[in-house]
Amino acid sequence: MSRYNVKETERKWQRLWAEHRCFEAETQSDRPKYYVLEMFPYPSGRIHMGHVRNYTLGDVVARFKRARGFNVLHPMGWDAFGLPAENAAIAQGVHPGSWTYENIAVMRDQLKAMGLSLDWSREIATCHPEYYRHEQRMFLEFLEAGLVYRKESWVNWDPVDQTVLANEQVIDGRGWRSGAPVEKRQLAQWFFRITAFADSLLESLNGLDRWPAKVRLMQEKWIGRSEGARVLFKLKGRDERLEVFTTRPDTLFGASFCAISPDHPLAAELAAANPELQAFIAECRRLGTSEAVLETVEKKGFDTGIKALHPFDPAWELPVYVANFVLMEYGAGAIFGCPAHDQRDLDFARKYSLPVTPVVAPPNVDPAGFTIGDEAYTGDGVIINSDFLDGLGVAKAKRAAIERLEAAGEGEGTVAYRLRDWGVSRQRYWGCPIPVIHCADCGTVPVPVDDLPVLLPEDVTFDRPGNPLEHHPSWKHVNCPRCSEPARRETDTFDTFVESSWYFARFCSPRAETPTDRAEVDYWMPVDQYIGGVEHAVLHLLYSRFFSRAMKLCGYIDVEEPFAGLFTQGMVCHETYCDPSGAWLFPSEVAKAADGDLVTVEGAKPVTVGRSEKMSKSRKNVVDPTQIIDRYGADTARWFMLSDSPPDRDLEWTEAGVDGAWRFTQRLWRLITAATPIMAPAGAPMPSAFGEPAMAIRRTTHKTIAGVTDDIESFHFNRAVARFYEFTNALSGVISPGQGQGQSPGNADGGLGWALREAFEALARLVGPMMPHLAEEIWQTLGQDGLLVDAPWPDSDATLTVEATTTIAVQVNGKLRATLDLPRDMPADAAEAAALADPAVQKAVDGKTVRKVIVVPNRVINVVV
RNA sequence: GCCCGCUUGGUGGAAUUGGUAGACACAAGGGACUUAAAAUCCCUCGGCCCGAAAGGGCUGUGCCGGUUCGAGUCCGGCAGCGGGCACCA
């Protein structure tokens, strides 16, 4: 038996695929197009198992669709701008650019070793001017189209490092590097008007039927459309009104206070004369900008002493608080509190001893005796204690309250969105420069298109805090394009989500002189299958959907929805290990001792096994894909990624699992080697008749073809893997016992040799998307001329996939009592008779009256007694 | 805190979407082959009970309740775990 040399073989096929340019998408093609895309990686240094999983899943789809006759676009690129490059620059003194490009070189090699069917001729890196110059161009058009504006907005400010911090860089209210307490600061920043498309983004979710329901739901909640009312409270002794948004105008008679955000202009005005309020606001600001932090902190308020007057009763005064849970970004940055019917308001009212008046009585509860305890009542019911609203249901009361507000000029019905405009300004170096110039006379002036790209300067230093673009001696000093007077370049760069919001469109024509080539992008878009982690369910996907709309508006693309199909994969997890001192250990630092316990490789100290968690460098529970591929080959790594765990669930990486995958690749090879001598020669004509052993093989083969096709189509790759095990189990059962080695199959073998050839040719083609190298090798061993990647997907013969009989379960009162092998599609009454005649069923019925018999054809018969 | 998921043997999971729970695999145990090891092959494998065995009974899909002839699957409640929360990508 010839040995299967993994390394050599995998390299051989990879070289051949590259030489034949197998995976380059055709620009002109009669075949239908299929665009499969995996979320492109951030070049962090080396690929991790999450990448291996993501790209394996995508490659299965790409190779499968290719075999099914599609003109497949399957590109790869690099999400190459970002914070880690700057952190590396600060920590190691390397330039973010060289750090990034070196990482790309390493990771490209790693991906190539996986044997992915990628069109490398379309590779892009977003940090390259040939990419971001187009982004700058589109920004200017968005600006022109009114989709971009500038406003003051809050950031986390590290007063020591003199820099803006990402939320993840704020730990317990302090800067991660400096340890200094973080402040919130206002900066003028650029925004994309994503809210202009709020309704479109919301409504189009319905049409995304090939997206996971949970992602659509998350986006729906994120956009958070809610109908309600704007109420304009008069303020006692002041001229201006306090604007408040509420979804519950029906509960206005249950109001007991108003609360405004610490960032509300009124709060700032009052604080100017009130040091205590000033201190309270400062305390709120120390929390930073993270909503997760703001929402978990203890709810606190500060009574401003100002009174708001109730819109329906000017004599009714409500205290106005500044409250730390009111967000300036949502609604009007102010609320009215109705403690009886909102939990947060209730907690607040109890804390500050404010009145709690129920105004909605639950159905079937006596309104007179209805009181509120620790829990607010948020359900439907009948309005009480509410003057003209009394007796109405919640929905009617909302309408009535809004009518009255509008009539009285005290407010109006309105729609609010939770979605906020997308802030894209970053005060960082390693990002795409925002192409505008600030002029003292002309204001904000766009960089003329002919002057694009605005290139990042190479000569920057990271030896002092702040934005290197600000410190650069000359970069920001330019003349105003309009008046030619000295002016200042914008030193903000784009959020890196901007690059990832349109890269899929760029892949259609990656070297075009314009952001997109309309013919190409109209041919390829939308992406037919997009694959990536759920962690991007909201932001990246929503921003991309916005970008498609904006690009369509500006004529760069013709689709509003960039991703027709979406699949969100689970994470790759691994056990965690600790040494006796509690320090994390890499799996490679842990070995199994003779007694089966885990010990450290160095010094054989006992190891504590923690639970399995997402692979992360901080816990050291990572396995390097390159080491796995070196040792077992790409096919094994890919196979393991596809086995067992359904792609949308988390996958537990285990040594035993990889070993199992490895053994299977070896087993496949042994099987094909053993089968070759008893197989009919390539291209042999189909025998006119088959004996039963051959027919059994053929039925298994065709059922496997049908099953695997179905499984791949529906992303049930783990089921496809199980089918392969069953298929190979069946085949080895035929081949190993007593089949003569070297004995050539005659015509007298009942077609067995032919059936085996059919089986193995199908096997090679079916396994191709998953283990492409071994599949090519098998294909070659089978005596095929061309490459397997150019071979079509096998078809299943329907007459061979349906068995003549089916096993039917017979239940008595829902409990399984017997199983019967009955002819397929047997008439219900005949099946019923057969079931009742069964001795085990008779015993269970035990002479009792049969009340009803439910017959589900080809499935189950339930006898009810 | 808010939004969204997930939970089936020792383990990963399967179950034609309301119809035989545990396919397939891993681990474990037993056996064969071998001087030995590795590799390979065969057998057993949710729990409890009856039986010498063949076989049979009960129970079982995180927990509590409901709908149904029938629930892992649908509904209500609870618990645990995970993802996201707008400057990580």
Side-chain angles (χ1 to χ4, degrees), chain A residues 39-42 44 79 81-84 87 155-156 164-170 189 212-215 217-222 224 289-299 325 329 343-344 418-428 495-497 500 533-540 542-543 568 570-571 573 611 613-614 643-646 648-652 654 656-657 659-661 663-664 666-667 670 707 710 716 718-719 721-726 729 732 736 807-819 840 851-854 856 858-865:
Chain A
M39 291 178 183
F40 67 163
Y42 177 78
S44 55
D79 188 13
F81 275 136
L83 208 45
N87 292 335
V155 294
N156 298 312
V164 176
L165 296 176
N167 281 334
E168 72 155 13
Q169 295 175 319
V170 179
Q189 311 220 70
K214 64 170 174 181
V215 174
L217 194 57
M218 276 192 250
Q219 294 220 347
E220 185 187 321
K221 300 281 185 181
W222 186 264
T289 59
S290 157
E291 195 182 314
V293 171
L294 295 176
E295 289 277 332
T296 33
V297 87
E298 189 196 355
K299 309 291 178 282
F325 60 85
E329 290 81 9
Q343 192 58 46
R344 202 167 47 182
R418 210 185 74 95
L419 180 69
R420 311 201 290 258
D421 278 334
W422 174 14
V424 293
S425 281
R426 298 292 181 270
Q427 293 69 40
R428 307 194 197 289
D495 175 8
T496 57
F497 272 125
S500 56
V534 237
E535 64 272 21
H536 294 292
V538 176
L539 292 181
H540 161 59
L542 196 63
Y543 292 153
T568 53
M571 300 177 304
C573 301
R611 36 164 253 234
E613 294 182 61
K614 177 182 177 171
S643 323
D644 292 349
S645 295
D648 54 344
R649 284 226 222 148
D650 289 353
L651 176 144
E652 165 90 0
T654 61
D659 283 340
R663 281 199 300 270
F664 182 68
Q666 298 302 301
R667 192 172 158 219
R670 274 198 312 277
D710 197 52
H716 291 127
N718 57 319
R719 282 204 313 220
V721 166
R723 274 184 223 279
F724 277 115
Y725 283 118
E726 282 173 317
N729 285 348
S732 57
S736 40
T807 307
I808 293 183
V810 184
Q811 302 172 332
V812 176
N813 285 346
K815 278 190 182 170
L816 181 72
R817 294 302 172 191
T819 57
R851 287 210 315 218
K852 192 160 43 157
V853 180
I854 288 140
V856 182
N858 299 325
R859 279 239 174 111
V860 77
I861 296 167
N862 192 9
V863 180
V864 187
V865 299

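One P atom belongs to rC24(B), the other to rC78(B), and the distance between them is 40 Å to the nearest Å. Comparing rG83(B) with rC69(B), their P atoms sit 42 Å apart, to the nearest whole Å. Between the P atoms of rA27(B) and rG22(B), the separation comes to 23 Å (whole Å). A gap of 31 Å separates the C1' atoms of rC50(B) and rU11(B), to the nearest Å. Remark: the separation of the P atoms in rC45(B) and rA25(B) is 15 Å, to the nearest Å. Going from the C1' atom of rU73(B) to that of rU7(B) covers 14 Å, rounded to whole Å. Remark: the separation of the C1' atoms in rG46(B) and rG82(B) is 26 Å, to the nearest Å. Comparing rG31(B) with rA37(B), their P atoms sit 13 Å apart, to the nearest whole Å.
Taking CG of Asn718(A) as the start and CZ of Arg723(A) as the end, the distance is 10.5 Å to the nearest 0.5 Å.
Using cut-offs of 30° and 60° for the angle between ring planes, the Tyr543(A) and Phe497(A) rings count as perpendicular.
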Report summary line: The contact string for nucleotides 54-59 of chain B, one letter per nucleotide 5' to 3', using protein heavy atoms under 4.0 Å with B, S and - for base, sugar-phosphate only and none, comes out as ---SSS
Requested in this report: Heavy atoms under 4.0 Å is the rule here; annotate nucleotides 24-32 of chain B 5' to 3' with B where the base is hit, S where only the sugar-phosphate is, and - elsewhere.
Outcome: SSSS-----
Report task. Starting at the 5' end of nucleotides 84-89 of chain B, put B wherever the base has a protein heavy atom under 4.0 Å, S where only the sugar-phosphate does, and a dash everywhere else. Result -> SBBBBB
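Glu220(A) places its CD atom 9 Å from the P atom of rC4(B), with the value rounded to the nearest Å. Taking atom CZ of Arg851(A) as the reference point, atom P of rC69(B) lies 9 Å away to the nearest angstrom. Note: NE2 (His716(A)) to P (rG13(B)) measures 13 Å, nearest angstrom. Between the CD atom of Glu652(A) and the C1' atom of rC81(B) there is a distance of 14 Å, given to the nearest Å. Residue Asp710(A) contributes atom CG, which lies 11 Å from atom P of rU17(B) at whole-angstrom precision. Atom NZ in Lys221(A) sits roughly 13 Å away from atom C1' in rG5(B) (whole-Å rounding). At whole-Å resolution of the value, CG in Asn858(A) and C1' in rG18(B) are 17 Å apart. Rounded to a whole Å, the CD atom of Gln811(A) is 11 Å from the C1' atom of rG18(B).
Regarding the sugar-base torsion, rG9(B) falls in the syn class, its angle being within 90° of 0. Base orientation at rU61(B) is anti, since its O4'-C1' glycosidic dihedral falls outside 90° of 0.
Residue-level contact check: Ser643(A) touches neither bases nor backbone, having no heavy atom under 4.0 Å from any strand. Within 4.0 Å of Arg649(A), counting heavy atoms only, lie sugar-phosphate atoms of the nucleic acid but no base atom. Across all strands, Ser44(A) comes closer than 4.0 Å to no nucleic acid atom at all (heavy-atom distances).
Residues Glu329(A) and Glu291(A) fail the side-chain proximity criterion, which asks for heavy atoms closer than 4.5 Å. Counting heavy atoms from C-beta outward, Val721(A) and Phe664(A) have side chains that stay 4.5 Å or more apart. Looking only at side-chain heavy atoms (C-beta outward), Arg667(A) and Arg670(A) come within less than 4.5 Å of each other. Looking at Arg344(A) and Glu295(A), their side chains come closer than 4.5 Å, going by heavy atoms from C-beta outward. Inter-residue side-chain proximity for His536(A) and Ser500(A) is flagged as unmet; no heavy-atom pair is nearer than 4.5 Å. At least one side-chain heavy atom of Val864(A) sits under 4.5 Å from a side-chain heavy atom of Asn813(A). A heavy-atom distance below 4.5 Å is not found between the side chains of Val170(A) and Val293(A). Residues Gln169(A) and Asn87(A) form a side-chain contact, since some pair of their non-hydrogen atoms from C-beta on lies under 4.5 Å apart.
For rG46(B), the paired nucleotide is rU59(B), the pair qualifying as Watson-Crick or G-U wobble because both relevant distances are below 3.5 Å. With a 3.5 Å ceiling on both atom-pair distances, the Watson-Crick or G-U wobble partner of rG82(B) is rC4(B). Remark: rU11(B) base-pairs with rA25(B). Criterion, Watson-Crick or G-U wobble with two distances under 3.5 Å. Taking a pair to require two hydrogen-bonding distances under 3.5 Å in either a Watson-Crick or a G-U wobble arrangement, rA37(B) remains unpaired. Pairing for rC87(B) is absent, judged as Watson-Crick or G-U wobble with the two contacts each under 3.5 Å. Pairing for rG65(B) is with rC75(B), a Watson-Crick or G-U wobble pair whose two hydrogen-bonding atom distances lie under 3.5 Å. Using N1 to N3 plus N6-O4 or O6-N4 for Watson-Crick, or N1-O2 and O6-N3 for G-U wobble, each under 3.5 Å, rA52(B) pairs with nothing.
The two residues Asn167(A) and Thr289(A) have their closest heavy-atom pair at OD1-OG1, 3.0 Å. When all heavy atoms are compared, the tightest approach of Ser645(A) to Leu651(A) is OG-CA, 3.7 Å. Minimum interatomic distance between Gly82(A) and Tyr42(A) (heavy atoms only, all atoms of both residues): O-OH, 3.8 Å. Residues Leu542(A) and Leu419(A) share a closest heavy-atom pair of CD2-CD1, 3.8 Å.
When each of Lys299(A) and Pro646(A) is assigned the nucleotide of RNA chain B with its nearest heavy atom, Lys299(A) is the one assigned upstream, toward the 5' end.
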